[in-house]
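So the structure is just underneath, and the comments pick up after that.
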Amino acid sequence: MSAASKVNQANPDGAYIAVIADEDTVTGVLLAGAGNIDKKRNSNFLVVDNKTSQAKIEEAFRNFTKREDIAIIMITQKVADVIRYLIDEYTKVIPTILEIPSKDHPYDPSKDSVMTKVKRLTGVE
């Protein structure tokens with residue numbers, strides 16, 4: 001069974017996008033209608049601020065990567081830098097990790113783990 005069909009079986013309405021980001025980014029995603037809180041009070045988002053511990057970010061990332069109803073994990077690059085070792089170790093296709101900029105920190109493709117893997121595989125430096 002393909003990973004895509006596993007996602008569709010877990011959530012017949014479609015797969016979710018998880019978000020680990022600052023409050024403004026998470027709010028934008030929630031306003032777009034991508035938020036979800038299930039019966040067990042598990043959400044598909046984590047708001048990260050300067051008081052959020054690295055352990056809490058790691059826990060959310062690990063939980064989102066284990067969930068079969070999540071297809072994409074959007075994470076701001078600033079937050080991704082905090083758990084870079086976990087992102088670099090992650091090898092599954094689904095859920096896909098998508099690093100995005102935040103309003104205060106521009107996107108740097110040299111830090112993006114997906115871009116780094118693509119460059120390595122294609123031999124482009």
Side-chain angles (χ1 to χ4, degrees):
M1 178 181 299
S2 73
S5 37
K6 279 186 182 178
V7 168
N8 289 334
Q9 284 180 349
N11 178 8
D13 298 327
Y16 294 113
I17 297 173
V19 185
I20 304 174
D22 58 90
E23 184 176 21
D24 290 341
T25 303
V26 171
T27 299
V29 172
L30 295 180
L31 287 172
N36 179 59
I37 298 178
D38 66 16
K39 293 175 186 172
K40 296 179 183 176
R41 306 288 300 153
N42 295 317
S43 69
N44 66 328
F45 57 89
L46 173 68
V47 175
V48 177
D49 60 22
N50 58 359
K51 296 176 187 169
T52 307
S53 69
Q54 179 176 344
K56 182 108 175 148
I57 298 167
E58 290 171 351
E59 177 185 13
F61 181 80
R62 286 185 179 112
N63 287 339
F64 292 155
T65 56
K66 290 176 186 171
R67 286 179 50 179
E68 293 185 357
D69 63 338
I70 292 180
I72 298 171
I73 300 172
M74 290 186 355
I75 183 169
T76 54
Q77 200 166 54
K78 180 184 178 195
V79 175
D81 286 341
V82 175
I83 59 166
R84 179 64 57 200
Y85 75 98
L86 277 178
I87 292 173
D88 288 344
E89 291 174 357
Y90 184 77
T91 58
K92 292 183 184 176
V93 175
I94 296 178
T96 299
I97 309 301
L98 180 63
E99 292 186 35
I100 60 172
S102 64
K103 70 177 189 173
D104 297 328
H105 298 88
Y107 173 76
D108 180 359
S110 68
K111 292 182 177 180
D112 189 326
S113 62
V114 172
M115 293 298 291
T116 304
K117 290 173 187 174
V118 168
K119 285 181 180 181
R120 203 174 324 131
L121 288 171
T122 59
V124 177
E125 292 297 323

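When reading the values below, keep in mind they use all heavy atoms of this one structure, side chains included, and skip hydrogens, waters and symmetry mates. Small disclaimer: the values here were computed from a predicted structure and weren't measured.
- For the atom pair CG of Asn50 and CG of Asp22, the computed distance is 11.5 Å after rounding to the nearest 0.5 Å.
- The distance from atom NZ of Lys103 to atom OG1 of Thr76, rounded to the nearest 0.5 Å, is 12.5 Å.
- Taking the side chain as every heavy atom from C-beta outward, Ile97 and Tyr90 approach each other to under 4.5 Å.
- To the nearest 0.5 Å, atom CG of residue Asp104 and atom CG of residue Asp24 are 8.0 Å apart.
- Here the straight-line distance linking atom CD1 of Ile100 with atom CD1 of Ile20 works out to 10.5 Å at 0.5 Å rounding.
- With sequence neighbours excluded, no residue forms a side-chain hydrogen bond (donor to acceptor under 3.5 Å, both in side chains) with Thr27.
- The cluster map of Ile, Leu, Val, Met, Phe, Trp and Tyr, joined by side-chain heavy atoms under 4.5 Å apart, puts Val82 and Tyr85 in the same cluster.
- For the pair Ser43 and Arg67, the tightest heavy-atom approach, listed with the atom from each and the gap, is O-NH1, 2.9 Å.
- Remark: Thr96 OG1 to Ile70 CD1 distance equals 12.0 Å, nearest 0.5 Å.
- When all heavy atoms of Ile73 and Phe64 are compared, the pair lying nearest together is CD1-CB, 3.6 Å.
- Within a 6.0 Å radius of CD in Glu23, no more than 12 heavy atoms belonging to other residues, nucleotides or ligands are found.
- In this structure, the side chains of Lys92 and Thr65 stay at 4.5 Å or more apart for every pair of heavy atoms.
- A salt bridge does not link Asp81 with Lys78: none of the charged nitrogens is closer than 4.0 Å to a carboxylate oxygen.
- Ion pairing between Lys51 and Asp49 fails under the 4.0 Å rule for side-chain N and carboxylate O.
- Looking at heavy atoms from C-beta onward, Glu58 lies out of side-chain contact with Phe61 at the 4.5 angstrom threshold.
- In this structure, the side chains of Ile75 and Ile87 come closer than 4.5 Å at one or more pairs of heavy atoms.
- Heavy-atom minimum distance, Ala21 versus Val26: O-CG2, 3.6 Å.
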